[in-house]
Undergrad: 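Would you mind keeping the following structure in view while I ask a few things?
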Amino acid sequence: MKSPRRVRWVEWALLAAALAIPPINWFWMRMDPAGAHDFVGPLRQVLIYAVLALGLNIVTGFTGLLHLGMAAFMAVGAYAYGILTCEIYPFQLSFWPALGASALIGTVAGLLLGAPTMALRGDYLAIVTLGFGEIVQDVLKNLDDITQGTQGINPLPGPVVPGYAFNSQNAMPWYYLYLGILVLVVVGCRNLEWSRPGRAWLAIRVDELAARCMGIPVVRQKMLAFAAGAALAAIAGAMMASMLTSTGEPANYDFQVSILALCIVIVGGMGSITGVLVGAVAMIGFANVLLPMLAGQLQARGLVSQANVFGNPNNWKYLIFGLVLVLMMRFRPQGLLPRAGAARAAGKSP
Amino acid sequence: MSALLSVQGLRARYGAVEALREVSLEVRAGEIVTLIGANGAGKSTTLMCLSRVKSIAAGEITFEGRSLNEVPAHRVVGLGLAQVPEGRRIFPRLTVFENLEMGAYLRRDRDGVAKDRAHVYDLFPVLRERSRQAGGTLSGGEQQMLAIGRALMSRPRLLMMDEPSMGIAPILVARIFDAVKRLKNEGMTILLVEQNARAALRLADRGYVIETGRIVLSDRAPALLENPRVQEAYLGE
C-alpha cells in the first residue's frame with residue numbers, strides 16, 4: 001500500500017513552507033522592527049509536538065492502543081537530558097549523546113511500563129497509562145534531591161554543531177535543526193509503517209485474534225510499539241528541555257500535554273503520518289503561534305488593552321479547541337488527512 | 001500410520017463453565033477429519049485450544065510427536081498448524097494481495113511465498129481477479145476463500161477450518177468444499193469443524209461427533225452417515 005499522490009504532495013508543501021518561513025519572518029522584522037512579531041521561536045514547539053504526536057501515532061494510530069500518558073515519557077526524556085547535561089551533575093554530556101541517551105532511557109521506561117500492562121486491553125490500558133502519567137509527575141516533584149523538585153533542572157546546554165554556537169537569542173538555527181530531526185523522524189515512521197513490525201501492528205489493530213492466527217507475537221509487538229512511541233516522546237522531551245534551557249517544572253508534563261498529543265493525532269487522522277504533521281501545524285500552530293501573535297498585534301496597535309480579558313485571543317484558546325473538536329467529530333471523524341485505505345474501507349473509491 | 005495430531009483428554013473452561021470435558025481425537029497425515037456437533041458443543045473451543053489461543057485446563061496436545069501444551073499461540077503457526085478462524089476474520093481494509101501477505105507473516109522465503117500465492121490464486125481464481133480489491137468488498141464466500149488462502153500462505157502441514165460454510169451461498173459452499181478436496185488430493189491434512197454435518201461427512205475420511213464438550217462418537221465418515229443416531233440428530237432424517 002503506497003501513500004496516495006495527494007498525501008505526498010501535502011508533505012512536500014509542508015516542508016517547503018517550513019523551509020521558507022524563517023527568511024520571510026526575518027524580512028518582516030527588518031522591514032518593520034517595531035511592529036513585527038518573531039514567530040520562528042514559537043514555531044519550534046510545533047516541531048517538538050509533531051515528534052511527540054508521531055510517537056503517539058505509532059501506539060494509538062498504528063497499533064490501536066489508547067495511550068493517555070505520553071507526557072510522562074516526554075518528562076522522562078526531558079529529565080534524562082537535564083541530568084545528563086546539567087553542570088550540577090557528574091555526567092555533563094553534550095547535546096547529541098544526551099539526546100541519544102534520552103531516547104534510550106525513554107525506550108527502557110516504555111518497556112518497563114509495557115511489560116506488566118500489555119496483556120491489558122482497551123480501556124484498561126488507557127487507565128494504566130493515565131495513572132503512569134500522574135505518578136511520573138509526582139515522582140519528579142518529590143524526588144527533589146535528584147530532580148530539583150518544582151524548580152526543574154537548569155541551565156541546560158543547547159545543541160552543538162561544528163562551526164556554530166547556538167544561543168537563545170537567535171531561534172532560526174534551532175528551528176532548522178529541529179526541522180531536520182523531525183524530517184528524520186518522519187522518514188523513520190514511514191519505513192516502520194510497512195516494515196514487518198508495522199504490518200504486525202496493523203493486524204493487531206484490526207483484529208487481534210486474526211493476528212494471532214497469522215503467528216504474530218501479539219504481546220511482543222505491542223511492547224515494541226509502546227517502546228518506539230516512548231522513544232519518540234523522550235526525544236521530544238529532550239528537544240523541549242534543550243530549547244527552554246531547563247526541564248521546567250514537573251507540572252509542565254501533565255495530562256493536558258498527553259491529551260493535546262492525542263488531539264493532534266485525532267484531528268490529523270489516526271495512523272496517518274502526514275495527517276499528524278498537519279494536525280500539529282493546525283493545533284500547536286494555532287495555540288502557540290497564531291493566537292499569541294494576534295494578541296501581540298492587537299495590543300501593539302492599541303486596539304485592545306492588556307486589562308481586557310475577553311479581548312485577549314489567548315484566553316479563547318480552549319473554547320476554540322473544544323468547538324473545533326466537536327465539529328471535527330461530527331463532520332470529519334476520520335481526521336483532516338486520513339490514512340490511506342480508510343476511504344476504501346468506507347466503501348468509497350480510493 | 002502414526003498420527004500427525006493427537007489430542008488426549010482435553011479439557012477447557014470459560015470461568016466456571018466447562019466447555020470441553022473430554023476431547024480425544026487423532027488426525028493422520030493426508031486425511032480429512034471432521035468434527036461435527038451442535039451449536040455450543042465445543043467445536044470452536046477445540047480448535048482454539050489446538051491453536052493455543054485458548055488456554056487448556058487438562059489434557060495433552062501432540063503435533064508431529066511434539067507436545068503443544070507449553071507452546072505459545074504465535075509459535076504454533078510456525079510449527080505448521082494453521083487455523084482458518086470462524087467468521088473468516090480477514091482484514092477488510094487491506095487488499096486481497098495484502099491479506100495473503102499477512103498470512104505469510106512469519107516467512108522470509110520470497111520465492112516460496114510467491115509460489116504459494118500462485119497456488120492460492122490457482123485454487124480460487126476469483127482471488128487473482130480481485131487481488132487489488134479491498135478484502136471487505138468481497139462477498140462472504142469470496143472472503144472465506146481469502147481466509148483459507150491466507151491460512152495456506154503459512155505453508156501449514158495441518159489446516160484447521162472452523163465452519164467454512166457458515167453464512168455462505170450454497171453454490172460457493174460447493175466450490176469451497178471442492179477446493180478442500182483438491183487440497184487433500186495434493187497431500188494436505190485437514191481438520192474441518194462443521195455444523196453442516198452432511199456436507200462435511202461426504203467430504204471427510206473420518207469424523208468425530210462432539211456433544212456438550214465430549215466426543216461421543218467416532219468412525220469412518222461413510223459409516224457415520226449411515227449411523228441412525230447421527231442421522232437423527234445431525235442429518236435431519
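All chains are named by letter (A, B, ...) in the order of the sequence lines, taking the proteins before the strands, and each is independently numbered beginning at 1.
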Undergrad: Are the side chain of A:T117 and the backbone of A:G114 linked by a donor-acceptor contact shorter than 3.5 Å?
TA: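 At least one qualifying donor-acceptor pair exists.
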Undergrad: Show me, pair by pair, the donor-acceptor contacts under 3.5 angstrom made by side chains of residues 35-50 of chain B, not counting sequence neighbours?
TA:
residue, atom, partner, partner atom, Å
B:N39, OD1, B:Q195, NE2, 2.9
B:K43, NZ, B:G37, O, 3.0
B:K43, NZ, B:A38, O, 3.0
B:S44, OG, B:E86, OE1, 2.8
B:S44, OG, B:D162, OD1, 3.3
B:S44, OG, B:D162, OD2, 2.8
B:T45, OG1, B:Y14, OH, 3.2
B:T46, OG1, B:G42, O, 2.6

Undergrad: Please list, in residue-number order, every residue in residues 218-233 of chain A that has a heavy atom less than 4.5 Å from any heavy atom of chain B; write 'none' if there are none.
TA: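 So far as heavy atoms go, A:R220, A:Q221 are the residues that approach chain B to under 4.5 Å.
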Undergrad: Of all heavy-atom pairs between A:C189 and A:I58, which one has the smallest distance, and what is that distance?
TA: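 Result for this residue pair: SG-CD1, 4.2 Å.
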Undergrad: Identify whether NZ of Lys or CZ of Arg in A:R196 sits under 6.0 Å from the centre of the six-membered ring of B:Y105 and within 45° of that ring's axis.
TA: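 A:R196 over B:Y105 ring: yes.
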Undergrad: In Å, rounded to the nearest 0.5 Å, how long is the span from CG of B:L25 to CG of B:L5?
TA: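 The CG atom of B:L25 sits 6.5 Å away from the CG atom of B:L5.
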Undergrad: Looking at residues at least two apart in the chain, or sitting in another chain, which of them share a salt bridge (Lys or Arg N to Asp or Glu O under 4.0 Å) with B:K54?
TA: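 Result, salt bridge (Lys or Arg N to Asp or Glu O under 4.0 Å) vs B:K54: none returned.
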Undergrad: Under a 4.5 Å heavy-atom cut-off, does chain A meet the side chain of B:R108, its backbone, both or neither?
TA: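 When you check distances to chain A, only side chain atoms of B:R108 fall under 4.5 Å.
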Undergrad: Tabulate below the donor-acceptor pairs under 3.5 Å that side-chain atoms of residues 57-65 of chain B make, not counting sequence neighbours, or state none.
TA:
residue, atom, partner, partner atom, Å
B:E60, OE2, B:S67, OG, 3.0
B:E64, OE1, B:R157, NE, 3.4
B:E64, OE1, B:R157, NH2, 3.1
B:E64, OE2, B:R157, NE, 2.7

Undergrad: So which of B:Q83, B:M102, B:H74 has the largest heavy-atom pair count under 4.5 angstrom toward chain A?
TA: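 It is B:H74.
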Undergrad: Quick check for you: among B:M153, B:R52, B:R150, B:R75, which has the greatest number of heavy-atom pairs under 4.5 Å with chain A?
TA: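 Maximum pair count with chain A is reached by B:R150.
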